[in-house]
Every structure is written in structure tokens, then in C-alpha cells.
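Here's the structure, in C-alpha cells; my notes come after.
Numbered from 1 within each chain, the chains take letters A, B, ... in sequence-line order.
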Amino acid sequence: MNVIILPSARERDADANLSAFVAKGRASKAFGVVDFDADVWCDVQLSKAKRITAGNTGPKQLHFLVGTGARGAEDKGALAKPLNDFVKALLRLREEARPQHIENHRVMLRAVRHLHAIMEELNYDPCRLLPRHFDAAARRAVAMETPSTAYATGKFLAEIVGWINQHGVGRIRIEWRNVIPRPSNDDRISEDAAKRRTDKMPSPAALEALPKIAQLMNSTTLPADLIRMRTVELLVCGGWRINELLTIPADCEVEEGNVGDEDYRYGIRYFAEKGYGPDIKWISTPLISVAKRAISDIRRLTQDVREDAKFIFENPGKHPMPVLQGDADELIQVADMAAAFNTTGPIMTGICKTRQVNLPARGKIRRGDLACALLADVPVVPAAFPLKLHQFMFLIRENEMHARRGAVPGTVRTVVWEMISDFITGAEGVQNVFQRYGFSEPDGTLITVKSHAFRHWLNTLAQEGGMSQELIARWSGRKDMNQNSFYDHVSGADLAKKVRGMIESGGLIGQVAKVRETLPPIERDAFLATQISTGHVTDIGICAHDWQLAPCPVHGDCATCGEHIIDKNNADQRAAAERQLEQVESMLAIAEAEAVDGTLGAPRWVEAHRRKRIGLLEVIAVHNDIAIADGTFVHLGSKGSDGR
DNA sequence: CGCACGTTTGCGTGGCACTA
DNA sequence: TAGTGCCACGCAAACGTGCG
């Protein structure tokens, strides 16, 4: 005898409600025109724009597939029905109810995949879902994801419960709340967290190598390398997030005061994340010259592309290449077009083919077709972003960063973060810049740096007050770190400690030491701590200025600076001072000649050089003074012809 | 005003597409 | 046909905000 189990009324309702829900989803206009039954929704339209990130210009997709991983993973089957249809309807209705960024929908899909994984026994029927199934999905998320992601997944599972209840899709009303705890961020101080932080820092070998590579680059360096190297230098100077840097305007420099003045500042405008808020990153004094060089080089190397982008903006529908201007219907020989594109016939044909430009006659290209195709792949900047494309600093040609392909004339592309990543991190089959220039870790392994590392590094330096020691020694002061000096590889704070110790033991002479002696013993330590709280090594001595409090008041002119300490008879420092004196004297001779000729500003220039000369002579006099023991730290105090 | 919350963002990864 | 730059998606967490 056959037993026929009739569905209960509640079950019939649930099934009917699911059908109605899916029908509603099918009818929805959310996401624009998509094939509802396709496993992948291509070119999803969203009413909420994504923030401009340099590489984020293409169409968006939603994958209704099992399994995770980047595109192309082999085990990606479609989500089983009827869950599949339910999810599609769910995404459309939630987008309709409240527009979201594409990532938000993808997180929802991720939560659904966890649910899918435990629904085989239910034949993937959402009507049969019970609280324990959500528990199982949540457990799966906790097991597979990090705490913060698992928490987010739990939240989306709870949202699914809400939709099921609201539309009567479940056979019973499901009572389920997200039980996955949100991780607290107390973790910052744990040892694990500290280790994670140091893992993110650039290695000492990387920090040593970068200034050297920067110096090795010259006029013969490929633009692709120079642009990327200067970009990395900017990361060192400012610690931006990579996309904040790559979206700076070409007109980004901000200066306050005059170069040489005490309150001179140099900054770079950029758009902070979230809301595109404009902001200025003020560059630490010792790095201003590095930043200026980087900006000037990048601007120069990207100028052509920017001009093309501007032309396109100002002449809608027209292409800037002369060969593409004129009668749109004119047929041009492939060979002639190739010559204009500075390439060969076959590659020219390839450029057309890629852009689906058909050749109407054998070996001939219709001018208008190619112009249209090239204009169509110019990146589109979201209207909400405060810059037009031609105002971007980082503009290049298609394939400009390609080692083996030629840059395609007449194209406009943005520099994307992966290009910088390949440059400093490398990838399978891609040598990074450290490899190419022959630098490696002390143990011979590969140096790799991640773009965010510089941000961590600058933050850490700022916290430890060691900014000046590191930055100046590497980028602005001495050309090479002297491996033998006792003060190398110590933090600014340690160096200051050393100097204070020298004062206390009588090993330092000069103004600070004199003042200290006039104080009651109980106040001496506190006085020294305020006077010399940090330090860094310069070409000709030790600087006691705290760069955290104020930029360099004399702009690196250490010889005339009252905060400078001489290490008596240190051979390197003495040689550097003598070399500087030589240069100053020859510059002074020129300056004096120009002052006589009446060149504008020359008298001031002469005065500056005279002051520097006097300072250097005093420094050398200290090194020569037989009354001072070698190794004594000598603090010269205020000096200079104007009595500063 | 402080904390918890929801959401947007950056960064990592892997492979397709396209040039030479 | 070989090789890799460029691109898209997933993951984790940093971010701004809103609530108590």
C-alpha cells in the first residue's frame, strides 16, 4: 500500500511563499538587466558607487557559486536549487530595499555558502531551514574564518533569518540571533599582536637598499621603473595608504612660507578614504627634498598622458592622436596606422582585434572605429570623486609597466596598486626591484616589502621618537651608513642617552654642559632630559634637535646650528666638514662675484655662505684643538656672524 | 562621551587574456 | 605558443557613526 504524505497547510504556505518570493526577485529591477538564471551575474549595476581606487574601474560581478577562492577555482559548481533562486531573489530585494556596495552583497553570498554547505540533508530547500541549521552554518564560519569575519558572517546569517520570517518562507518562524562574538580589539597589546606588527615592517635590509637603488637610477632608467621607484619613495616620506597616494592630483604640492625660513612647510594634497575628504600630508623636513624629487619626476613622466586625458575631456568624442583626427570614414592602411602607433602591422591588427574593431577592407582600418574603441576604454572616474581623470598625477599608457610589451600610444590608464606591489614584493615569475638591483637579506634570501609596511614603519618611528635618526641618516644626511661607528643602528633615544652620559661624566664640553654645572645637582638630570631627548647622526656630527617637536630650524645646515654636537677627531666627520668647507668656499667665490654684478638676491646668498664657512671653520678648529681629548663631544652652542 | 556596531576599505591571491 | 601584467574576487580589519 502506498502511503502518501500530504503536505501540511504550513508547508504548502511556505512553498508558495518561496515561489512568490522568487517571483518577486525575478521581477525586481535591482542590479539592472541580468540573466536571473545565470550562475554568474555579469556587469551588475549598482546605485551606490564604490570609492575610486586606481584599479577599480571594471564591471562588477556576483558569483552564485559554491566554494571560495579567486575566480577560476575548479571546484566552483553553482549553488543548488531552490536555495540558488532564493538567494538571487534575496540579493535583489535587499538591494532594492537598501542599496549596497557590491562587497556587501558578496559578504551575504559568503554567508549563504556556509549555509549551502550544511543543507544537503534538506535538499537545499530554504523552507526547511531550522535554527539548528543556522547554528551549524555559524559553527562552520567560526571554524573557517577569522573571528572578525566570522562575526560578520553571523550577522548576515541573522539577516537571512529576518527575510525568511518576513516573507513566511520557513515552515516555522525561526528564532535565531547572531551568537558569534565580535572580537575585542584589546588584542593590540598582546604578544601575538606585537609580532604581527613587526612582521608587517620593512626589513632593515630593505630600508638600507631603497635609498641606494634610488641613487642608482638615472636618466637611462626606464620610465616604468622610475615612476614606481619614486612612488615607493613617496610611501617612505608620507606613509599613505597605497590608493590614497595613487589618487593624488597632479597639482598636489602645498608650500607655506619660504624655503629656508623657520616655519617653511611642504605638503602633498591627497584624498583620504571614506568621503573623499581632501587632506594634506605634511612632509617631515629631512624628507622634503626626496618628496619634491619624486613628485617632479612622476609629474614629468606622466605629463603626455595627462595632456591626452585633458584633450579627451575638453573635446568629447575626439581622440588626441593626429592620425585619428579627420574624416571618421576614411580607411587607413594598417601599415600607416602602425607607424603612427610606433609599432608593427601585426601588433596594430592585434590592438584592433582586442577592441573588436573590424577591418572593413583587407588591410585597412576605418579611422572612426579605432578612435571610438580607444575612447571607450578610458577609465571612468565616479562623478562623486573630486578629480577629473586628467587631474590625476598617476596616469600612464596601457602596458606601460609591462616588461615585454610596448606602451600603447593614445591610451590612458591609472597606475594601480598591484603594479607597485609587483615592484617591491614581486610575484611568481616577477623579479622585484631588490632582486633586479642585486640586493638581498643578510642571509641571502629575497627582500620583499609590502606597500603598507612603510605606513607601519613611519608610525612606529613616530611613536619611538626615532624619526630623525633613521630618516636623515638614510635619505638626507650621510650617503652611507658607517657600519663601524658606535652610534649606528641605535635609536635616537639611545643616542641621546649616550650624549647625556658623556655630559655627566665630563666627556662633553660646551654650552649645555656649562649650564648644567650651574644648576643644583637635583635638577641636572631633568635639565639634560629636556635639552637632549633624542639625537641623530649627521655628516659632520650629532644633531640633538628633536624633530618630533619642530622641523629643522636651519634646514640641514648643521655647521651653523646651535643644537649640533661635534665628536672630536672623528675621521669621517672631520673629512666631511673639510669637504663641505671646500664646496662652500668655491660657492662663496661665485656668490661674491655675482653680488658685485648686482644679481638679485646675491648679497643674501653671500651672507648665508659666509655664515656656513665660519661654522665649518669652527668645527674644524675643534677637531684640530690639541687641548680637547679625542672622542670628547663638543657642543658649540649658538654661533654664526649674525649671532644666532 | 564612550563603546559597540555595521559597513567600507585596503590588501592578498590566483589565473585569464593578450602580446611578442 | 610562452610568459606575465593586469584584473577581479575574497578576506580581514579599520573605519566612521550612532546609540545608550
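- Between His390(A) and Phe313(A), the two ring planes are tilted [angle within 30° to 60°].
- Distance Lys155(A) NZ to dA12(C) C1': 13 Å, rounded to the nearest Å.
- Checked against ring-ring contact (aromatic ring centres under 6.0 Å, His included), Phe64(A) has the following partners two or more places apart in sequence or in another chain: Trp41(A).
- Comparing dC11(C), dC7(C), dC6(C) by their nearest atom to the side chain of Met401(A) picks out dC6(C).
- Across the protein-nucleic acid pair, Glu400(A) atom CD and dT19(B) atom P stand 16 Å apart, rounded to whole Å.
- No salt bridge links Asp304(A) with Arg397(A); every basic N to acidic carboxylate O contact stays at or beyond 4.0 Å.
- A sub-4.0 Å separation between OP1 or OP2 of dG6(B) and a side-chain N or O of Tyr151(A) is present.
- Not a single donor-acceptor pair under 3.5 Å links the side chain of His133(A) to the backbone N or O of Ile118(A).
- Here the side chain of Thr302(A) pairs a donor or acceptor atom with the backbone of Met393(A) at under 3.5 angstrom.
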- Task: Report the C-alpha distance between Lys81(A) and Asp37(A) in whole Å, list the side-chain angles of each, state the deciding distance to 0.1 Å, and finish with yes or no for side chain to side chain contact (heavy atoms under 4.5 Å, CB included).
- Result: CA-CA 11 Å; Lys81(A) 291 193 175 194; Asp37(A) 295 308; 4.0 Å; yes
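- More than 12 heavy atoms of other residues, nucleotides or ligands lie within 6.0 Å of CZ in Arg300(A), so this atom counts as buried by the packing criterion.
- Note on Arg413(A): every side-chain N or O is 4.0 Å or more away from OP1 and OP2 of dG5(C).
- The CE atom of Met419(A) sits 17 Å away from the P atom of dG10(B) (whole-angstrom rounding).
- As a whole-Å value, the separation of Leu245(A) CG from dT9(B) P is 18 Å.
- The side chain of Arg110(A) lies closest to dG10(C), out of dG10(C), dT19(B), dC7(C).
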List every contact pair, protein side and nucleotides 17-20 of chain C side both N or O, where the distance is under 3.5 Å.
none

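- If you measure from atom CE of Met108(A) to atom P of dC9(C), you get 19 Å, rounded to the nearest angstrom.
- Atoms CZ (Phe156(A)) and P (dC11(C)) sit 13 Å apart, rounded to a whole Å.
- Between the CD atom of Glu398(A) and the C1' atom of dC7(C) there is a distance of 12 Å, rounded to whole Å.
- With distances taken from any side-chain atom of Thr149(A) to the nucleotides dC5(B), dC11(C), dC6(C), the minimum falls on dC11(C).
- The nearest whole Å value for the distance from the NE2 atom in His105(A) to the C1' atom in dG6(B) is 15 Å.
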